[in-house]
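Have a look at the structure below, then the notes.
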Amino acid sequence: MIDFVRNVRLWFAPEEVREEGRTPDYRFSLANERTFLAWLRTALALIGGGFAVDQFLPHLRWEWRVGLALALLTAGVLCSLRAINHWVRCERAMRRGEDLPASRFPALLSVVVAVVAVVMVAVVLTGRAG
């Protein structure tokens, strides 16, 4: 828990990350930044998908529409928070010469998106739109 709190503080103090270890090859730092941006694009897509479900499926029963929209919006929020946390953890690991941190988040995100997709297919096939 203490390491997580330290990481949260480092989200807003990247100069402190630079004080650790040695400067890695810039290509690795830039690749880490591109990965961060890819996670942010994913988060924005999930948030957009959540709003789309809510706004563009008015004939879908309220419970289904709100449930699916909230699942996508929550996944988007978690994805954006995970992006910065993962960037800091990877940057610190590279500077220290350690292995990159492992994460279960990609698997969790995949399962959430798959469940939402399966529910959407079931809603479409059963005609629970109204």
Side-chain angles (χ1 to χ4, degrees):
M1 182 63 172
I2 291 173
D3 195 41
F4 177 76
V5 172
R6 183 173 178 346
N7 279 346
V8 169
R9 190 175 52 76
L10 290 175
W11 294 359
F12 304 100
E15 64 280 353
E16 286 186 40
V17 174
R18 295 180 129 196
E19 294 173 4
E20 292 190 41
R22 298 177 331 167
T23 301
D25 184 330
Y26 291 111
R27 293 174 292 181
F28 299 124
S29 289
L30 293 172
N32 190 27
E33 187 174 315
R34 285 190 302 273
T35 302
F36 165 75
L37 294 172
W39 279 107
L40 284 184
R41 284 190 302 272
T42 302
L44 288 170
L46 290 165
I47 291 167
F51 280 118
V53 165
D54 185 51
Q55 294 298 308
F56 298 118
L57 299 175
H59 300 297
L60 192 63
R61 285 183 37 199
W62 183 85
E63 300 86 12
W64 288 104
R65 192 175 75 239
V66 170
L68 293 170
L70 286 177
L72 290 170
L73 290 168
T74 301
V77 169
L78 293 175
C79 191
S80 66
L81 294 174
R82 190 262 186 203
I84 187 64
N85 190 52
H86 189 70
W87 177 84
V88 167
R89 290 174 58 215
C90 286
E91 195 66 28
R92 289 177 71 203
M94 287 188 299
R95 297 183 79 75
R96 294 174 177 172
E98 299 172 352
D99 289 339
L100 295 179
S103 176
R104 291 182 184 96
F105 187 80
L108 176 65
L109 182 61
S110 296
V111 168
V112 168
V113 171
V115 166
V116 169
V118 166
V119 170
M120 287 297 294
V121 168
V123 167
V124 168
L125 291 176
T126 61
R128 293 195 181 264

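When a residue number appears, it is its place in the shown sequence, counting from 1.
At distances below 3.5 Å, at least one donor-acceptor pair connects side-chain atoms of Arg65 with backbone N or O atoms of Asp54. A distance-only check finds a donor-acceptor pair linking the side chain of Asn32 to the backbone of Trp87 [under 3.5 Å]. In this structure, Thr74 contributes its side chain and Ala71 its backbone to no donor-acceptor pair below 3.5 Å.
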Chi angles and distances behind the side-chain contact (heavy atoms from CB on, under 4.5 Å) call for Leu68, Leu60: CA-CA 10 Å; Leu68 293 170; Leu60 192 63; 4.3 Å; yes
Go through the steps for His86 and Cys90 under the test side-chain contact (heavy atoms from CB on, under 4.5 Å), then give the verdict. CA-CA 6 Å; His86 189 70; Cys90 286; 3.2 Å; yes
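Between Glu16 and Arg9 a salt bridge is recorded (basic side-chain N to carboxylate O distance below 4.0 Å).
Of the options Glu20, Glu19, Glu98, a salt bridge (charged side-chain N to carboxylate O under 4.0 Å, His left out) to Arg92 is made by Glu20 and by none of the others.
Residues Val77 and Leu40 share a hydrophobic cluster, clusters being chains of Ile/Leu/Val/Met/Phe/Trp/Tyr side chains in contact below 4.5 Å. When the side chains of ILVMFWY residues are joined at heavy-atom separations under 4.5 Å, either directly or via intervening members, Phe12 and Leu81 end up in a single hydrophobic cluster. Under the 4.5 Å side-chain heavy-atom criterion for grouping Ile, Leu, Val, Met, Phe, Trp and Tyr, Val118 is not connected to Met120 through any hydrophobic cluster. Cluster annotation: Phe36 is not connected to Leu30 through the hydrophobic network of ILVMFWY side chains, with a link wherever side-chain heavy atoms come within less than 4.5 Å. Leu73 and Leu109 fall into different hydrophobic clusters, defined by Ile, Leu, Val, Met, Phe, Trp and Tyr side-chain heavy atoms under 4.5 Å apart, directly or through other members.
For the side-chain contact (heavy atoms from CB on, under 4.5 Å) test, residues two or more places apart in sequence or in another chain that qualify with Leu72 are Leu46, Val53, Val116. For the side-chain contact (heavy atoms from CB on, under 4.5 Å) test, residues two or more places apart in sequence or in another chain that qualify with Ser103 are Arg82, Phe105, Pro106.
With rounding to the nearest 0.5 angstrom, the OG atom of Ser80 is 8.0 Å from the CG atom of Leu44. The CH2 atom of Trp39 sits 12.0 Å away from the CG atom of Asn85 when rounded to the nearest 0.5 Å.
Summarising the local packing, CG of Asp25 is surrounded by more than 12 heavy atoms from other residues, nucleotides or ligands at distances under 6.0 Å.
Ile47 approaches Gly76 most closely through the heavy-atom pair CG1-CA, 3.9 Å. The heavy-atom pair separating Arg89 from Ala102 by the smallest distance is NH2-O, 3.5 Å.
No side-chain heavy atom of Thr23 sits under 4.5 Å from any side-chain heavy atom of Arg18.
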